[in-house]
Protein chains: 2
Amino acid sequence: MDKNTKRTPAALKILDAASQLFYWKGIHSIGVETIASEAGVTKKTLYDRFGSKDQLIVAYLEERDRQWKKHLDNYLDRIPDDKPLQKILSIFDALEKWLETNSQRGCAFVNALAELPEASHPGRKVIFEEKRWLKQLFATFLRHLEFDQADEIAEKLLMLHEGITVTYSMNLSTNGIASAKETVQLILNANQ
Amino acid sequence: MDKNTKRTPAALKILDAASQLFYWKGIHSIGVETIASEAGVTKKTLYDRFGSKDQLIVAYLEERDRQWKKHLDNYLDRIPDDKPLQKILSIFDALEKWLETNSQRGCAFVNALAELPEASHPGRKVIFEEKRWLKQLFATFLRHLEFDQADEIAEKLLMLHEGITVTYSMNLSTNGIASAKETVQLILNANQ
DNA sequence: TTAAAAATAAACCGATCGGTATATTCAATG
DNA sequence: CATTGAATATACCGATCGGTTTATTTTTAA
């Protein structure tokens with residue numbers, strides 16, 4: 001957000017176009033030429049603002065991260081801080097809505113990781129950090145609930161989170177994510 | 001396998017090289033030139049045997065499917081047919097070993113789907129069919145166990161299966177897949 | 001108002017992409 | 001032994017890749 005206010009109008013259009021194209025068509029199948037023309041902008045402008053395709057990829061991932069966290073906050077903020085159980089459940093509600101509106105092609109981070117095998121690519125840091133962050137968010141709420149082994153349970157919840165996303169994108173979750181939420185309840189009940 | 005016995009030696013070398021390169025480097029970042037040279041073979045031979053890169057991609061996915069099912073059978077065959085519960089659990093044991101030895105970079109099918117956005121690409125059929133098959137395998141064993149709603153529970157198990165794979169590839173499953181197996185037990189106990 | 005930053009326009013670069021052509025050699029089988 | 005399928009070697013194709021260059025115009029702030 002701080003980062004976005006300092007972006008020029010053309011940079012915003014580029015990031016917008018790149019986000020859609022990268023997500024829906026894949027990172028490597030889309031060329032900078034396509035992104036520039038889709039954004040109604042010159043390739044020169046793209047390179048002046050972002051430096052390289054790799055840096056644009058990083059910006060795309062960071063922006064996706066920002067949007068997901070903003071979306072998630074809309075859900076978390078409605079739950080009072082003394083209801084950590086409901087906070088956890090609301091993460092899955094947020095995910096459900098997110099999948100319906102922004103993620104018909106699966107998790108942008110998982111997909112991007114598939115296309116970024118080089119250990120040194122800076123985009124990978126963004127991806128790993130995003131998942132680690134979510135796991136820690138689960139763990140924090142679990143600790144408030146005074147669960148033993150908060151980290152272990154957080155791991156299970158994260159697994160579910162990722163599993164839903166994959167199956168949803170393959171049209172294998174026939175009941176929306178209701179199945180997943182039942183399993184969440186099961187895990188929480190079992191360890192309390 | 002029937003398909004593999006009729007493959008020429010060069011075709012086998014090509015498929016072998018392509019499988020490794022596609023899985024570890026991604027489908028679009030690897031060119032046919034690289035595959036041919038890695039296989040110690042001419043590009044002409046590659047095109048004589050596989051026709052196009054897209055058809056080679058399909059062959060790669062079919063071969064991966066064959067190998068996973070063969071690996072899985074090694075586990076399932078050890079369990080007698082009148083123990084469907086243990087059959088289900090052995091699927092997750094098979095997955096654990098599979099992840100350790102063949103899947104450090106996540107699920108080949110999920111990754112490939114990320115790179116094949118076009119609805120008409122024949123590789124997508126292979127991918128969807130693989131997941132649908134696994135879900136049905138779960139459902140079959142659950143029906144033998146006389147579970148109500150075998151399909152719904154199969155869905156939950158598939159979610160776990162996919163979730164493990166994702167978190168494993170991101171080094172987020174600190175206890176191997178022990179956490180996942182606990183959740184499997186939880187699901188099975190809850191619905192019996 | 002004026003100077004700097006941002007954006008346009010368009011040509012250009014070497015490298016690589018997937019795929020083809022032609023001509024030659026090798027290996028197996030009837 | 002002859003035929004045929006498989007493989008090699010190599011040059012080539014147009015298209016596209018990510019990225020650069022130069023020159024000009026527009027926008028924005030001090």
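Atom set for the values below is all heavy atoms of this structure, side chains included, hydrogens, waters and symmetry mates excluded. In what follows, chains are A, B, ... by sequence order, proteins preceding strands, each numbered from 1.
Here Arg49(A) reaches the OP1 or OP2 of dA7(C): one of its side-chain N or O atoms lies under 4.0 Å away. Close to dT8(C), at under 4.0 Å from its OP1 or OP2, lies a side-chain N or O of Thr45(A). Side-chain nitrogen and oxygen atoms of Thr8(A) include at least one within less than 4.0 Å of the OP1 or OP2 phosphate oxygen of dA7(C).
What separates CG of Asp48(A) from P of dT25(D) is a distance of 18 Å, to the nearest Å. Rounded to whole Å, the distance from CD1 on Ile30(A) to P on dC17(D) is 8 Å. Atom NZ in Lys25(B) sits about 14 Å away from atom P in dC17(C), given to the nearest Å. The NZ-P distance, from Lys53(A) to dC17(D), rounds to 8 Å in whole Å. Atom pair Phe50(A):CZ and dA6(C):P shows a separation of 12 Å (rounding to whole Å applied). Rounded to whole Å, atom P of dA9(D) lies 15 Å from atom CG of Leu46(B). Rounded to whole Å, the distance from CD on Gln55(A) to P on dG18(D) is 15 Å. For the pair His28(B) NE2 and dG18(D) P, the interatomic distance rounds to 12 Å; values are reported in whole Å.
The Lys44(B) side chain lies nearest to dA21(C) when the options are dG18(D), dA21(C), dA10(C). The listed nucleotides are dT20(D), dG18(C), dT22(C); the one nearest the side chain of Tyr47(A) is dT20(D).
Both the sub-6.0 Å distance and the 45° axial angle are not jointly satisfied by Arg64(A) relative to the ring of Phe109(A). Remark: Arg78(B) qualifies as a cation-pi partner of Tyr75(B) under the 6.0 Å distance and 45° angle criteria applied to the six-membered ring.
Remark: Glu96(A) engages Lys181(A) in a salt bridge, criterion side-chain N to carboxylate O under 4.0 Å.
Two residues are said to be in side-chain contact when any heavy atoms from C-beta on lie closer than 4.5 Å; Lys131(B) and Cys107(B) meet this criterion.
Take the nearest nucleotide of DNA chain D for Lys43(B) and for Asp54(A): the residue whose nucleotide is more 5' is Lys43(B).
Looking at Leu137(A), Asp77(A), Leu95(A) one by one, the single match for side-chain contact (heavy atoms from CB on, under 4.5 Å) with Leu72(A) turns out to be Leu137(A).
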